[in-house]
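Note on naming: letters A, B, ... go to the chains in the order of the sequence lines (proteins, then strands), and numbering restarts at 1 for each one.
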Number of protein chains: 2
Amino acid sequence: MSAPAGRKTWQAVQAAVRARISRRDWKPGALIPHEAELAQEFGCSRGTVNRALRGLAEDGLLERRRRAGTRVALNPQRRAAFAIPLIRDEIEGKGQQFAARILTREMRRPPPDVQARLRVAGAAPILWLETLYTADGAPYVFEARWINTHAVPRALDADFTVISPNEWLVREVPFDSGDFTVSAMAADGRSAAVLGCAEGAGLLVLDRRTQHGAQIITSVRLVFHPGYRMHTRS
Amino acid sequence: MSAPAGRKTWQAVQAAVRARISRRDWKPGALIPHEAELAQEFGCSRGTVNRALRGLAEDGLLERRRRAGTRVALNPQRRAAFAIPLIRDEIEGKGQQFAARILTREMRRPPPDVQARLRVAGAAPILWLETLYTADGAPYVFEARWINTHAVPRALDADFTVISPNEWLVREVPFDSGDFTVSAMAADGRSAAVLGCAEGAGLLVLDRRTQHGAQIITSVRLVFHPGYRMHTRS
DNA sequence: ATCATGTTTATGTATGCACATAATAGCGAG
DNA sequence: CTCGCTATTATGTGCATACATAAACATGAT
């Protein structure tokens with residue numbers, strides 16, 4: 001859009017509103033003019049203003065309610081989007097050599113907490129994989145994964161030395177949602193040995209669960225090398 | 001919208017497309033029909049389809065490019081939105097008693113890494129605060145904060161025993177953006193003492209930086225009690 | 001074959017209009 | 001005064017239309 005003099009695109013309106021909020025022309029909690037009014041002021045249609053404000057509301061900067069109008073959020077920044085690392089890309093993106101080594105692959109009966117997490121009944125053995133990912137040979141992240149082979153029997157025939165479990169699953173298995181949890185742990189003997197770090201080091205842990213409908217496909221725990229950081233990409 | 005028989009709302013279209021993707025009617029990497037075609041199929045206008053697909057693209061489920069069309073993302077779930085805890089709400093939301101205690105409040109010269117992080121020149125002392133937040137008296141999170149008093153001189157007069165530094169800043173100081181980093185550390189002597197945990201425990205660390213224009217207002221480090229978890233809220 | 005150019009096409013955005021919906025405000029009956 | 005209905009109003013959504021823009025594609029010159 002070539003931005004003719006007075007005419008505003010929704011991005012321009014959004015930027016203008018953002019500026020007013022951050023300049024405190026409109027203070028937290030205050031009601032701002034309604035869409036029609038802003039449309040007139042900015043010389044654009046109400047649709048354009050709506051688009052701009054909707055985006056700001058999604059970012060948590062505004063709170064909108066029908067009939068009640070739009071007000072500046074009292075407490076912005078309730079959420080932050082973190083980039084979920086795609087191990088291979090992350091390592092190769094730094095110009096380092098990516099490698100994956102499977103440490104364990106066996107059928108194992110999930111402990112009770114994993115049974116709950118995977119929503120599998122009883123203790124029938126399912127596929128258990130441990131993989132170490134390295135960057136230029138240095139341990140980068142240790143992955144421990146359960147694959148619900150009741151839901152994905154084909155996983156039993158996959159050759160994970162050729163394609164990583166994650167890449168195989170993404171490519172082969174339908175899924176529709178998932179959830180993440182971030183926590184921290186002190187390196188125990190095993191983690192320290194695998195990651196080649198001191199026992200007791202602080203390690204960032206990312207648990208990810210992937211599901212298709214009501215069924216849980218897989219549950220992974222990524223334990224990162226000491227010093228690893230995740231940050232907002234926005 | 002009362003959803004008359006054939007007529008679809010953008011949410012309905014979005015759900016239908018989501019279903020096709022997760023059912024793998026449209027496989028990862030595949031091109032999907034263009035907007036006009038889908039509009040005809042769903043019996044709605046192109047605008048409605050556009051709205052639906054735009055949302056899915058924002059979620060990372062689709063990749064869209066002008067002229068090239070829309071295809072199913074090869075690797076979805078590149079990002080996840082985490083709820084950034086508002087300590088007081090989080091604790092009170094669990095029905096526990098919130099309390100904050102200021103452990104340190106002094107002018108201090110920032111070490112070089114903090115100087116860089118705050119983009120302040122030289123080593124002129126700025127405000128340094130340490131606060132412990134408790135839930136039912138149990139240590140919950142330990143906050144260490146630098147406030148750039150060159151940018152916010154008023155902070156020198158604020159009484160943070162009445163209002164927490166975070167709440168004061170949110171209410172009093174304009175800002176427009178920020179960034180977050182998540183990492184892990186092993187509890188050192190001081191953290192262990194303050195949080196009442198064993199030395200060497202794995203602790204989740206959240207660093208947050210808040211800025212207004214080019215100026216950094218404040219930089220906070222939150223060190224959570226052992227076992228704390230952050231999870232996606234989406 | 002390579003490169004520059006123009007053409008085509010799918011998405012991106014703006015507009016005006018209409019109506020749906022939620023929620024407040026106001027009114028009247030009891 | 002309270003309860004419940006109605007009117008009002010700001011946002012939410014849908015549609016048809018028009019034009020902008022990016023990128024793939026085709027064409028033609030060198």
Thr70(B) side-chain N/O to dA10(C) phosphate OP1/OP2 under 4.0 Å: no
Filtered N/O pairs between nucleotides 23-28 of chain D and protein, under 3.5 Å:
| unit_1 | atom_1 | unit_2 | atom_2 | d |
| --- | --- | --- | --- | --- |
| dA24(D) | OP1 | Arg65(B) | NH2 | 2.1 |

Sugar-phosphate, base or nothing in reach of Gly69(B), heavy atoms under 4.0 Å: sugar-phosphate
Whole-Å distance separating the CG atom of Leu62(A) from the P atom of dA10(D): 17 Å
Side chain Arg46(B) and base dG14(D) donor-acceptor under 3.5 Å: no
Interatomic distance, Arg51(A) CZ vs dT13(D) C1' [rounded to whole Å]: 14 Å
Side-chain donor/acceptor of Arg209(B) to backbone N/O of Ile216(B), under 3.5 Å: no
Asn50(A) vs dG12(D): side-chain N/O to OP1/OP2 distance below 4.0 Å: yes
Full working for side-chain contact (heavy atoms from CB on, under 4.5 Å) between Leu61(B) and Val17(B): CA-CA 10 Å; Leu61(B) 221 60; Val17(B) 171; over 6 Å; no
Residue-phosphate contact under 4.0 Å: Gln11(A) side-chain N/O, dG12(C) OP1/OP2: no
Arg54(A)/Glu58(B) salt bridge by N-O under 4.0 Å criterion: no
Verdict with reasoning, Ile87(A) to Asn166(A), per side-chain contact (heavy atoms from CB on, under 4.5 Å): CA-CA 10 Å; Ile87(A) 314 286; Asn166(A) 187 51; over 6 Å; no
Under 3.5 Å: donor-acceptor pair, side chain of Asn148(B), backbone of His150(B): yes
Members of residues 24-35 of chain B that approach DNA chain C, where some heavy atom sits under 4.0 Å away: His34(B), Glu35(B)
Atom pair distance, as rounded to whole Å: CD in Glu63(B) and C1' in dA10(C): 16 Å
Minimum heavy-atom distance between Ala80(A) and Thr232(A), given as atom pair plus value: CB-CG2, 3.6 Å
Single hit among Glu90(A), His225(A), Gln96(A) for side chain to side chain donor-acceptor pair (under 3.5 Å) with Tyr140(A): Glu90(A)
Partner of Ile147(A) under side chain to side chain contact (heavy atoms under 4.5 Å, CB included), chosen from Val173(A), Leu156(A), Leu129(A), Val220(A): Leu129(A)
Arg64(A) vs dG12(D): side-chain N/O to OP1/OP2 distance below 4.0 Å: yes
Phosphate-side-chain proximity, Thr48(A) and dT15(C), N/O vs OP1/OP2 below 4.0 Å: yes
Integer-rounded Å distance: dA10(C) C1' and Arg71(B) CZ: 13 Å
Whole-Å distance separating the CG atom of Leu38(A) from the P atom of dT11(D): 8 Å
Stepwise side-chain contact (heavy atoms from CB on, under 4.5 Å) check, Thr70(B) with His34(B): CA-CA 7 Å; Thr70(B) 301; His34(B) 60 255; over 6 Å; no
